Amino acid sequence: MKRVIIYITAILCISSSANAKDITSACAMSPSAITAGESLKYEAFFQWGALYIDGADLETTVTNSSHRGINSYKIFATAQTIKTAKTFYQLKDTFSVEVDARTMEPLYYFEHDVERKWECYYYYNFFPLPDGMSVDARKEVVSSNETLTHVQTYKECCPMDVLTLLYRIRCFDIESLKTGDKIWFDNYMFGGDNLPACITYIKTEKIKLRRGAEVEAMKFQFSTAVEGTLFSKKNPVYIWIETAPAHRIVHAESKLTIGYVKMDILINN
């Protein structure tokens, strides 16, 4: 469940209409939907028919900051399992991200991942280049007292951490999309090659959240170009982005063998 909650990335994009477009996200983009002072709360849960089982609480905040002398937004996020889910799966993750306040390009990523028998720190330093991105990354595995490093320069693409990716999606001009259109982004995961990811627009609809609120939102399938351990063609991940100017992600879900794992924004925040 942790990967579904935190990454919300997937596999092959859905079939598109004959007029659908493939759109590549530029490295630099306007931070049109990110605001200092924003605080969002989410609840993740399992659903089997009318039965709900609480899974995890998530919270994100945005503040003005500065990193390496660059005006930036600092995005701080936490995720932890609660109640029933905590008895069979313990998770507590803390994230801190710095993005350029002018271009939304990633500058820094930190994650502290604590599970029942696992503890790890991730540190990524991103250095935007005119023709790509340089990444200097470190991974410290506390449980095995192991430190790994990864340094690489990527050309003609802009790899970024997953938290930055989710905020950049909110800043894209999604109102202009047509059914089947795909927006491609570049995703960085420690020690790996650049992993292209896309969101495919399906439709706009009213979605009803668990607590009863109804939100007009654009439905997308979130996908990556490579089959992985997290997602499959059989159980893709879908996200809903509100049509309101803030473009908050209001809902996400993926089907399990029995039931669904879902995530809702707490709408009064």
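Computed from a predicted structure; not experimentally measured. One is the number of the first residue; the rest follow in order along the sequence.
Looking only at atom types and distance, the side chain of His150 has a donor-acceptor partner in the side chain of Tyr188 under 3.5 Å away. Judged by distance alone, the side chains of Ser65 and Glu98 do bring a donor and an acceptor atom under 3.5 Å apart. Inspection of the Thr243 and Glu216 side chains reveals an N or O donor paired with an N or O acceptor under 3.5 Å. No donor-acceptor contact under 3.5 angstrom links the side chains of Gln221 and Thr200, judged on distance only.
If you take SG on Cys157 and CE on Met133, they are separated by 8.5 Å, rounding to the nearest 0.5 Å. Annotation: the span from Gln152 atom CD to Asp136 atom CG amounts to 11.5 Å, rounded to 0.5 Å. One finds the CG atom of Leu177 at 7.5 Å from the OH atom of Tyr201 (value rounded to the nearest 0.5 Å). Rounding to the nearest 0.5 angstrom, the gap separating the CE atom in Met218 from the OG1 atom in Thr204 is 4.5 Å. Atoms CD and NZ, on Glu214 and Lys208 in that order, are 6.0 Å from each other to the nearest 0.5 Å.
Hydrophobic clustering (side-chain heavy atoms under 4.5 Å, transitive across Ile, Leu, Val, Met, Phe, Trp, Tyr) groups Ile23 together with Ile241. Tracing side-chain contacts under 4.5 Å through hydrophobic residues (I, L, V, M, F, W, Y), one never reaches Val142 starting from Leu148; they form parts of separate clusters. Taken together through direct or relayed side-chain contacts under 4.5 Å among Ile, Leu, Val, Met, Phe, Trp and Tyr, Met29 and Ile249 form part of one hydrophobic cluster. Residues Tyr108 and Tyr154 fall into different hydrophobic clusters, defined by Ile, Leu, Val, Met, Phe, Trp and Tyr side chains chained together at heavy-atom separations under 4.5 Å. Each of Tyr123 and Leu165 belongs to its own hydrophobic cluster when Ile, Leu, Val, Met, Phe, Trp and Tyr are linked at side-chain heavy-atom distances under 4.5 angstrom.
Judged by distance alone, with hydrogens and angles left aside, the side-chain atoms of Arg68 form a donor-acceptor pair with the main-chain N or O of Leu107 at under 3.5 Å. Under a 3.5 Å cut-off, the side chain of Arg170 and the backbone N or O of Ile34 do not form any donor-acceptor pair. Distance alone, capped at 3.5 Å, is enough to place a donor-acceptor pair between the Ser32 side chain and the Cys171 backbone. A donor-acceptor pair under 3.5 Å is absent between the side-chain atoms of Asp186 and the main chain of Pro159, judged by distance alone. In this structure, Asp181 contributes its side chain and Lys21 its backbone to a donor-acceptor pair below 3.5 Å. Between the side chain of Ser72 and the backbone N or O of Ser66 there is at least one donor-acceptor pair closer than 3.5 Å. A donor-acceptor pair is defined here as one N or O able to donate and one able to accept, closer than 3.5 Å; no such pair exists between the side chain of Thr60 and the backbone of Ala77.
A salt bridge links Arg248 to Glu242: one of the charged nitrogens lies within less than 4.0 Å of a carboxylate oxygen. Looking at Glu140 and Arg138, a side-chain N of the basic residue comes within less than 4.0 Å of a carboxylate O on the acidic one, giving a salt bridge. Remark: Glu111 does not engage Lys139 in a salt bridge, criterion side-chain N to carboxylate O under 4.0 Å. Electrostatic pairing of Arg211 and Glu43 counts as a salt bridge here, judged by a charged N lying under 4.0 Å from a carboxylate O. Using a 4.0 Å cut-off between a side-chain N of Lys or Arg and a carboxylate O of Asp or Glu, Arg210 and Asp264 do not qualify as a salt bridge.
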Worked check of side-chain hydrogen bond (donor to acceptor under 3.5 Å, both in side chains) between Glu253 and Trp240: CA-CA 9 Å; Glu253 67 177 55; Trp240 282 256; over 6 Å; no
Full working for salt bridge (Lys or Arg N to Asp or Glu O under 4.0 Å) between Asp22 and Lys182: CA-CA 5 Å; Asp22 279 83; Lys182 299 177 177 66; 5.1 Å; no
Criterion side-chain hydrogen bond (donor to acceptor under 3.5 Å, both in side chains) on Tyr167 and His247, from CA distance to verdict: CA-CA 9 Å; Tyr167 273 85; His247 289 167; over 6 Å; no
Full working for side-chain contact (heavy atoms from CB on, under 4.5 Å) between Ile169 and Ile199: CA-CA 8 Å; Ile169 286 172; Ile199 56 172; 3.6 Å; yes
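Of all heavy-atom pairs between Ala246 and Ala33, the closest is O-CB, 3.5 Å. Of all the heavy atoms in Ala36 and Tyr73, the pair that sits closest is N-CE2, 4.1 Å. Among all heavy-atom pairs drawn from Thr164 and Val97, the shortest one is OG1-CG1, 3.2 Å. For the residue pair Pro128 and Pro106, the shortest heavy atom distance occurs at CG-O, 3.9 Å. Of all the heavy atoms in Leu166 and Phe222, the pair that sits closest is CD2-CE1, 3.6 Å.
Taking the six-membered ring for Trp, Tyr109 and Phe126 have ring centres at least 6.0 Å apart.
At most 12 heavy atoms of other shown residues, nucleotides or ligands fall within 6.0 angstrom of atom CZ in Arg102.
Using the six-membered ring where Trp is involved, Tyr121 and Phe110 have ring planes that are tilted, between 30° and 60° apart.
A cation-pi arrangement is present between Lys219 and Tyr238, with the terminal nitrogen or guanidinium carbon under 6.0 Å from the aromatic centre and inside a 45° cone about the axis.
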